[in-house]
Amino acid sequence: MATAYEDLMERVRDIGRLQTSLALLDWDQETYMPPNGVKARAEQIALLSGIRHTQLIDPQVKRLLDEAQTDEDDHVARTNVRETRRNYERAAKLPTQLVKDLAHTSTLAKDAWAKARAQSDFSIFSPLLSRLLELTRQKAEHIGYSAEPYDALIDEFEPGATSAQIEGVFARLRDETVRFLKRLTDSSTKPDRSILTRHYPEQQQRALSRKFAEALNFDFESGRLDVTVHPFCTTIGGGGDVRITTRYLEDFFQAAMFGTMHETGHALYEQGLPREHMFTPMGEAVSLGIHESQSLMWENQVGRSRAFWEHHFDEAARLFPKALGDVSLDAFYGAINTVEPSFIRVEADELTYNLHVILRFEIERELFNGQLEVDDIPQRWNVKMEDLLGITPPDDAQGCLQDIHWSMGAFGYFATYALGKLYAAQFFAKAKEDIPDLFDRIRANDHKPLLNWLRENIHRHGQRFRAGELVERVTGKPLTIEPFMSYVKNKFAPIYGL
Ligand code: ZN
């Protein structure tokens, strides 16, 4: 007879199968679905989402959780039960009506947000944003928290993290970043980024993107690379079916090249999760922050390194003779590593990016602590932009209306982007210590040593360790900003002649 634990896991795997079937419907909608398929697709997604939620909060899950016996030294079972309990409790605490209200309001809010952004008119979005905030406050109260409501929201994306702890890390990151940014912007030596906006034909970009994904060891037998407006990575069948997408902009070289490497980094994590634990927490990623550390490491620490381009630049110059024929490796390396305050988060460089995130984190926290009213967001945003980046957005479309997250009700999400940068730098510093010839290997286009290191230290553990615990276990230290700050200083100071 199957034990309660085995029964529980079979239920959990079914929920995972439903979840990934939904992911496949989403992927198809973004890639190949004809426009007239949208009505049926919305119905299919709504039906499956409902079934998934019902299964997740089924009283049988609660009973099996209570009955499941796990051995003290069976870390697989302990992890699976711990995370299943967490998922069950978060879902079961929310009244069905609130879940429906949130889904319904965010559907309307996404539409209003798109209009508001197109017309750069915050007042089109603000009534629905107020409603979403009200519902999300209720959600936080139902879930519960120890210090402040915002903690309940952060915990959804970065389990175990709290606002106070993130604030402590961000306060130092903010000060050090602003100080270093000033030195860079004051320097008279500046790289020229304009070569990246020359003409780069799509056909050749496709060839090079695929080549980069292959070089980084993306397994095309266990995944695909397709084209979408907004690039993403999604997992359909455990590590055996991981789909990434990219986009080709002929007058903006970075989008496809670094976008593909970024999504490849996400995919390498998914392809490296233990397949014998597919559809259970032991076969899943730790958190959004840890996920982002994997994509960012391949995109930046590897993909924007000099060593990487020492191998690939000649080929790029051959593929794009008109754009790169007269460009030196040094000039190209500088161009892909420029630092400049800008309005749009997703276009920001490695250094200023975190300031965009800190701004959102602070504003969200003020909203949930009752220190900021919705109508005051645009003004607060602009003051903070001036304060952090020294620039003021000309309109709200380039200010507080630029991101989709709030319209989706995804409050507490942004911090994970900056945490990902910090995790990436801290992991990479340790990997460099453990693999002394790491950059020689990168220069030789051999990315296996780093991938094997990530597989061994991070991927194979699934959700066994929470993010904070994982960082400490792998690097011997809790999360700190030092590895990130020394990474950016070592990289950008020479480029800017400091
Ligand atoms: Zn990402």
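Reckoned from all heavy atoms, side chains included, excluding hydrogens, waters and symmetry mates. Counting starts at 1 for both ligands and their atoms, in listed order.
The Zn ion (ligand 1) has no N, O or S atom of H291 closer than 2.8 Å. Distances from the Zn ion (ligand 1) show that C233 has no N/O/S atom below 2.8 Å.
Taking the six-membered ring for Trp and the full ring otherwise, F212 and H312 have centroids separated by under 6.0 Å.
Rounded to 10°, the angle formed at the Zn ion (ligand 1) by H262 NE2 and H266 NE2 is 100°.
Partners of R82 under the salt bridge (Lys or Arg N to Asp or Glu O under 4.0 Å) rule, at least two apart in sequence or in another chain, do not exist in this structure. N87 is linked by a side-chain hydrogen bond (donor to acceptor under 3.5 Å, both in side chains) to nothing, counting only residues two or more places apart in sequence or in another chain.
Of all N, O or S atoms in E292, the one lying closest to the Zn ion (ligand 1) is OE1.
Under a cutoff of 6.0 Å and an axis angle of 45°, R17 and F279 do not form a cation-pi pair.
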